[in-house]
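This one's a predicted model, so the numbers in the text were calculated from it and none came from an experiment.
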Amino acid sequence: LEPVSFKDGEVVVKQGDAADALYFIKEGKVNAFVASAGDAPVATMQSGQFFGENAVSGEDEPKRAATVKAAGDVELLKLSRDA
């Protein structure tokens, strides 16, 4: 697991991009957005939760289902797909 951090408003993953890692939220919160819902977040996740499970779904070329942005400073643990 690789520790990574993001500042408030930074994009962690972008909808439609290749899903190359699963993220565990160590500290802080993130908001998930999908294009069809506009500017409102469709989910908020916090410490102890995870996102990016498409990366480990077993699909040949998984894509990100949502854009995830830091909601304040956030510390994550990144599990790369090829780890």
Validation row: [X], [Y] side chains within 4.5 angstrom (heavy atoms):
X	Y	value
N54	R64	no
V74	I25	yes
L1	F24	yes

Closest non-hydrogen atom pair, [X] against [Y]:
X	Y	answer
D8	D73	N-OD1, 3.5 Å
K29	T44	CD-CG2, 4.3 Å
A70	V30	CA-CG1, 4.2 Å
A66	V34	CB-CG1, 3.8 Å
P41	N31	CB-CB, 3.9 Å
Q15	F33	OE1-O, 4.1 Å

Calculate, to the nearest 0.5 Å, the distance between atoms OG and CD belonging to S80 and E2 respectively.
-> 6.0 Å

Hey, could you give me the CD/CD distance between E75 and E27, rounded to the nearest 0.5 Å?
-> 4.5 Å

F51 meets the ring-ring contact (aromatic ring centres under 6.0 Å, His included) criterion, sequence neighbours left out, with Y23

Do F50 and M45 belong to the same hydrophobic cluster, where Ile, Leu, Val, Met, Phe, Trp and Tyr are linked whenever their side-chain heavy atoms lie under 4.5 Å apart, directly or via other members?
-> no

Are L79 and L76 joined in one hydrophobic group, where the rule is that I, L, V, M, F, W and Y side chains link up if heavy atoms are under 4.5 Å apart?
-> no

Is the number of heavy atoms from other residues, nucleotides or ligands within 6.0 Å of NZ (K14) greater than 12?
-> no

How would you list, by chain and number, every residue that makes a side-chain hydrogen bond (donor to acceptor under 3.5 Å, both in side chains) with S5, sequence neighbours excluded?
-> none

Can you list the steps and then say if V13 with T67 is a side-chain contact (heavy atoms from CB on, under 4.5 Å)?
-> CA-CA 5 Å; V13 298; T67 294; over 6 Å; no

